[in-house]
There are 2 protein chains.
Amino acid sequence: MPKRESQKPGAVTILDVAKHAGVSPMTASRVINGNPRVGQDLRERVQASVQTLRYRPNLAGRSLRTTGSARIGVLYSNPSAAYLNELMLGILEQSSLSGAQVLVEKCGGIASQRAATQRLLEAGVDGIILPPPLCDSPQTLRELDERGIPVVAVAGAPVAGVSSVRIDDYQGSRAMTLYLLELGHTRIGFIQGDPSHTSAQLRRQAFLDTLAESGLRMPEEYMVVGMFTYRSGLTAARQLLDLERRPTAIFCSNDDMAAAAMAVAHGAGVRIPDALTVVGFDDTPVATTLWPELTTIRQPVTALGKNAVALMLEEIRARRSGRRREATHQVMKHTLIKRQSSAAAS
Amino acid sequence: MPKRESQKPGAVTILDVAKHAGVSPMTASRVINGNPRVGQDLRERVQASVQTLRYRPNLAGRSLRTTGSARIGVLYSNPSAAYLNELMLGILEQSSLSGAQVLVEKCGGIASQRAATQRLLEAGVDGIILPPPLCDSPQTLRELDERGIPVVAVAGAPVAGVSSVRIDDYQGSRAMTLYLLELGHTRIGFIQGDPSHTSAQLRRQAFLDTLAESGLRMPEEYMVVGMFTYRSGLTAARQLLDLERRPTAIFCSNDDMAAAAMAVAHGAGVRIPDALTVVGFDDTPVATTLWPELTTIRQPVTALGKNAVALMLEEIRARRSGRRREATHQVMKHTLIKRQSSAAAS
DNA sequence: CTGAAAGCGCTTACAG
DNA sequence: CTGAAAGCGCTTACAG
C-alpha cells in the first residue's frame, strides 16, 4: 500500500483527474493543455473533473518536461527603481509560472557590462532580457548577438533580429497631447526625457507633430530638456514657471519629472489643476502617491515583463529543437489615465 | 544511443557532476546541499567538479521532490504600491528559487476579505502570507487560524502562534532620533503614521522615549498625526511649518510623507537641508527619486518577502510530515541611510 | 559515510 | 483520437 499519510490531502494531481474522468493521464494532459485532438465527450469529462477536483497543474512537474531547465538572465544598468521593480515583478511572475529560473545582474559602464554578461553566461543562462536603457545600446545588442545569445529587449527602438516588447510611445504621447488640446490648453510646456533614450525622442516627436496637426506651435522656451530624473525635473519646471508668459499645462515625459514639476508649482504658489495642469507618462507608483494624483499614460510594465519572458521561452524552445524563429516585435496597449492633476484651461 | 542532439549543450545536471567527481548522484546531492555526513575527500572532489562544470541545480527538479507542490497565497489590502511591489519581488524571487507557486488576492473590507481567502483556499494554497496592514488585524489572523491555515505575517506586532517576519520599528526609530540629536537638532517635529498600524505606534513611541532619555520634550504641536499617505503628509507638514517657532528637523514616519514634507518646505521657500532637515522611514524607491535624496531608515523589504516565503515553506513541510512547529518570529536588520536631506542644526 | 532504487507530477515520443 | 512507457533532474527513504 502506498504511503498516503504524509501526503497533503488537497494535492490533486493529473492522475486524480484522469482517474476521476476515467481516462488516461495523457488524455487529461491534452485537454488541460488545450490540445484539440481529443474527442468531444472525453474532453468534457476531463473538464468536469478538473472543475470538481479543483485541479491546478503543478508547474515544477510540467516545466521539468517542457522548458527543461530554462534560465533567463536580466541585465540592467542605471534604471528607475520604480520601473525596474514593476518590470521584475512581471518577469518573476511569468517565469515562476513557466518554471524558469531568473538571474539578475546589474552593470555600470561598458566594461562592467561585459563582466556581468560573462557572469550570466557562466551561470548557464539561455537568454538575456534587456530593460531600458540597455535595450537602446546597439553595442550591447551586437555583442550579445555575436555570441549567439537570444535577447529580448524591453522598450527601445525595434532592432532587426532582436525580439522586443514595448508600448507605442509615439501614440501614447499623441493621446496625451490630444487630451491636453481637448481641455483647451494652448500654452503647453514640454519636459523631455533623456535624449539618448528612444522613448524620450518618440514622446517629444509625437507632441510636436500632434500640435503641428492642430496648427499650433509652442515658443521654443516651452520645450525643455530633462533627464527623466526628479532632479532634472525640478530645474526644467523652474525654467517653465519662471517664464513671463508661462504655460497653462506641462507635459512631462515621465512621472518622476511630473512629481518634480508639481513640487515646483506648489513652491511657486501655483495651484494644480486650477492654475496649472501637470501630466506625466508611465503610471509608476509615484503617480498615485502624489496629491493631486497624476494624470498620466499607463504603461503595462508588469505585463511587458511577463511577455518578455514568454517570448524568451519560445525562443529558447525553438533553438533547442533546432528551429529558428523570426524576431518578434510585440506592441502592448497603453492607456490614458485621467486623474486630478489635469483640468480645463482657465 | 540516447538522443543528445536536441539537448542544450550547457545543461549540466547533477549526474554530470557525480560522474566527473566519480561518486554517486546521492553523494553529489549531499555535498551540494551542505549535508555534513560526507567524507572530506569526496566532498572536496564534488565541490571541485561543481566549480569546473559550473553546475547550477535545476530548481524544478529539486522542488518536485522536496516541497512537492507548495502553493502560497498572498492576501493584501490597501497597500502602499511601492512597498507591496518590493515585497512581492522578494516573495516571487524566493518562491521561484524554491519552486513554490504564488497566488495573489487583493481585498477591501472584511466581506471581500473572506471571499478572497475562500478563493485562495479553493485554489489549493497551503498557507497565506499577510503583508501590512492585514497583519495587524486580529480578526483576520483568528479566522485563518481557526481554519487551520498556516500564516506568516509581514511586519505587525508579534502574535502568539503566528509566525512573523519584521524589522524592529522601535529600534529603527530610536536610531533615527539619536542621529537627529547628534546633528544638534533640539526642535524636532514628528509626523506619525496611521495610528492603527503597529509600526506607526512603535516609531512614535521610540521617538518620544529617546527624547525623554536625553532630557528633551517637544511641545505638543510638534507631534502631528498623518496616515502614511503623501496627502496626509502635505497637511501635516504645513501644520509644522506654519508654527511660529518651527522645528529645524522633521522626522516623518515613512518616505511618502517625507516626500510631501519636502514639497511643502520647498513651497514655503525653506531650503533643505540648510534650513530644515527632513528624514523618512522605509527607504522605498521614492527616497532616491527626490532631490535632495532622503535620509531614511532602510527596511530590507525584499528580504522580508524572501524570508516570509522560506518560513512558510518550512511550516508547510513540517505539517506535511505530521510535525508541529512553534511559531517563529524573525527580526531583520534595519539600517540608517544618510543622504542629503539631513544636516547639522544651524 | 556511501549508494541503488524509486518516485515527485508532468509531458514527449512512440505505438496503435 | 487514445494510451502505455519512459524520462525530465532531483532527493527521500532504505540498505549497507
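Below, all heavy atoms of this structure are taken into account, side chains as well, without hydrogens, waters or symmetry copies. Just so we're on the same page: letters track the sequence lines, and every chain starts at 1. Note that the structure is predicted; figures quoted are calculated from it, not measured.
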- [ ] Could you tell me the separation between the CZ atom of B/Arg30 and the C1' atom of D/dT11, rounded to a whole number of Å?
- [x] 10 Å

Open item on the list: Heavy-atom nearest nucleotide on DNA chain C for A/Gly61 versus B/Met26: which residue maps closer to 5'?
Closed with: B/Met26

TODO: Can you tell me the distance, in whole Å, between the CZ atom of A/Arg43 and the C1' atom of D/dC1?
DONE: 11 Å

TODO: Choose from C/dC10, C/dA6, D/dG3 the nucleotide whose nearest atom is closest to any side-chain atom of B/Arg65.
DONE: C/dA6

Open item on the list: Under 4.0 Å from OP1 or OP2 of C/dT2: is there any side-chain N or O of B/Thr27 that close?
Closed with: no

- [ ] Output yes when at least one side-chain N/O atom of B/Arg62 is less than 4.0 Å from OP1 or OP2 of D/dT11, else no.
- [x] yes

Task: B/Arg71 and its side-chain contact (heavy atoms from CB on, under 4.5 Å) partner, picked from B/Asp126, B/Val102, B/Ile316 - done: B/Asp126

TODO: Both distances under 3.5 Å, Watson-Crick or G-U wobble: on that basis, could you give the dot-bracket string for DNA chain D, with [ ] for crossing pairs and | for other-strand partners?
DONE: |||.||||||||.|||

Task: B/Ser24 side-chain N/O to C/dG3 phosphate OP1/OP2 under 4.0 Å - done: yes

TODO: Counting heavy atoms from C-beta on, name the nucleotide in D/dC10, C/dG9, C/dC10 closest to the side chain of A/Ile14.
DONE: C/dC10

Task: Over all atoms of both residues, closest heavy-atom pair of A/Pro158 and A/Arg166 - done: CG-NH2, 3.5 Å

Task: Value in whole Å for how far the C1' atom of C/dT11 lies from CG of B/Leu64 - done: 12 Å

- [ ] Determine: side-chain N/O of B/Ser29 to OP1/OP2 of D/dC10, distance under 4.0 Å, yes or no.
- [x] no

- [ ] Return the minimal non-hydrogen interatomic distance between A/Ile167 and A/Val331, and the atom names on each side.
- [x] C-CG1, 4.1 Å

Task: Whole-Å distance separating the CD1 atom of B/Ile32 from the C1' atom of D/dT12 - done: 16 Å

- [ ] Figure out the CG/C1' separation between A/Leu15 and D/dG3, and round it to whole Å.
- [x] 13 Å

Open item on the list: Could you report the tightest heavy-atom contact between B/Met312 and B/Pro150, atom names first, then the distance?
Closed with: CE-O, 3.6 Å

Open item on the list: Which nucleotide wins on minimum distance to the side chain of A/Thr13, given the candidates D/dT2, D/dC14, C/dC10?
Closed with: C/dC10

Task: Residue-phosphate contact under 4.0 Å: B/Asn58 side-chain N/O, D/dC8 OP1/OP2 - done: no

Open item on the list: For a 4.5 angstrom cut-off between non-hydrogen side-chain atoms, does B/Ser164 reach B/Thr328?
Closed with: no

TODO: Could you state the atom-to-atom distance from CG of B/Asn33 to P of D/dT12 in whole Å?
DONE: 8 Å

Open item on the list: So which atom in A/Leu121 and which in A/Val125 form the shortest heavy-atom distance, rounded to 0.1 Å?
Closed with: CD1-CG2, 4.0 Å

TODO: Would you kindly give the CZ-to-P distance between B/Arg37 and D/dA13, to the nearest whole Å?
DONE: 14 Å

TODO: Using atom CG of A/Asn35 as one end and atom P of C/dC10 as the other, report the distance to the nearest whole Å.
DONE: 17 Å

- [ ] Mark yes or no for whether B/Asp16, through its side chain, and B/Thr13, through its backbone, hold a donor-acceptor pair below 3.5 Å.
- [x] yes

